[in-house]
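Counting convention: from 1, in listed order, for ligands and their atoms alike.
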Amino acid sequence: MNIKRLLVAGIVGAGKSSFVQTVGEMGTISTEQLATDETAALKPTTTVALDFSRVSLPTGIVHVYGTPGQARFSFMWELLLQRAHLLLVLVPVHRPTDFVQSQQIIGFIQQRSPISPVIGFTHTDHTNALPPSTVLSALGYTTEPLPQVVTVNPLDRASVLNALALVIDGVCNGC
Ligand SMILES: Nc1nc2c(ncn2[C@@H]2O[C@H](COP(=O)(O)OP(=O)(O)OP(=O)(O)O)[C@@H](O)[C@H]2O)c(=O)[nH]1
Ligand SMILES: [Mg+2]
């Protein structure tokens with residue numbers, strides 16, 4: 001059976017758990033717990049280990065794993081990265097003061113994986129959303145090669161499936 005593992009990473013509140021839940025066909029495993037740190041100012045609960053769901057595509061089955069957002073859980077990022085075939089980093093484009101944290105997560109991945117992560121812009125419906133080019137520059141992408149990017153609403157299944165298709169096609173480019 002052709003199974004690919006997709007890792008969905010990103011900072012707290014980026015939309016990782018929403019993405020995993022929206023894409024899943026057979027329910028979701030989540031580890032959502034009450035936030036006890038500065039996350040509580042942003043949202044009441046947070047992922048403390050991982051999210052998991054599964055989706056069946058014409059090209060095969062995708063197992064989708066969401067990470068926690070906090071750096072203290074980076075051992076989970078590391079574990080999940082080891083077996084991932086596909087990488088997506090969600091970046092909320094309405095929180096410019098947190099772009100440096102997104103950049104750090106991208107750097108963490110780049111240091112440990114040969115796979116270039118696709119950058120998924122979330123919260124683009126927010127009134128304070130910044131344009132993709134501004135966000136890319138803020139993430140340190142100022143010269144070629146630029147990453148593959150996609151705008152995604154983690155709450156909308158068509159949008160999530162569109163992002164998934166791009167992540168999968170990106171990996172298969174040139175293979
Ligand atoms: N309007 C809007 N809301 C979004 C979007 N993406 C996620 N949300 C909302 O943002 C909140 C946080 O989403 P989560 O999916 O829990 O974020 P997360 O990345 O899993 O967060 P942590 O587990 O705490 O790291 C939820 O209320 C979502 O419904 C988006 O693109 N637009
Ligand atoms: Mg989560």
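- For S17, a nitrogen or oxygen atom sits less than 3.5 Å from a nitrogen or oxygen atom of ligand 1, counting backbone and side chain alike.
- Among the backbone and side-chain atoms of S17, an N, O or S atom lies under 2.8 Å from the Mg ion (ligand 2).
- Using bins of under 30°, 30° to 60° and over 60° for the plane-to-plane angle, the ring pair H63/F52 lands in the perpendicular bin.
- Residue contact annotation: I11 has a non-hydrogen atom under 4.0 Å from ligand 1.
- The shortest N or O to N or O distance between L155 and ligand 1 is not below 3.5 Å.
- With a 4.0 Å heavy-atom cut-off, ligand 1 is reached by no atom of H126.
- At a cut-off of 2.8 Å, T46 is not counted among the residues with an N, O or S atom near the Mg ion (ligand 2).
- Of the options S18, A9, A14, the smallest heavy-atom separation from atom 15 (O) of ligand 1 is shown by S18.
- Cation-pi geometry between R112 and F108 is satisfied (NZ or CZ under 6.0 Å from the ring centre, within 45° of the ring normal).
- Using a 3.5 Å distance cut-off with no hydrogens or angles, the side chains of D51 and S30 do not pair a donor with an acceptor.
- If you chain together hydrophobic residues whose side chains sit under 4.5 Å apart, L155 and F121 never meet in one group.
- Remark: S116 OG to Q148 CD distance equals 9.0 Å, nearest 0.5 Å.
- Closest heavy-atom approach to atom 12 (C) of ligand 1 within the set H123, K43, Q21: this belongs to K43.
- Partner of T46 under the side-chain hydrogen bond (donor to acceptor under 3.5 Å, both in side chains) criterion, chosen from E32, Q70, Q33: Q70.
- Note: an N/O pair closer than 3.5 Å links T46 and ligand 1 by distance alone.
- For the ligand labelled ligand 1, residue G10 lies outside the 4.0 Å heavy-atom shell.
- Taking a distance limit of 4.0 Å, we find that atom 6 (N) of ligand 1 is approached by some protein heavy atom.
- At least one N or O atom of T47, backbone or side chain, sits closer than 3.5 Å to an N or O atom of ligand 1.
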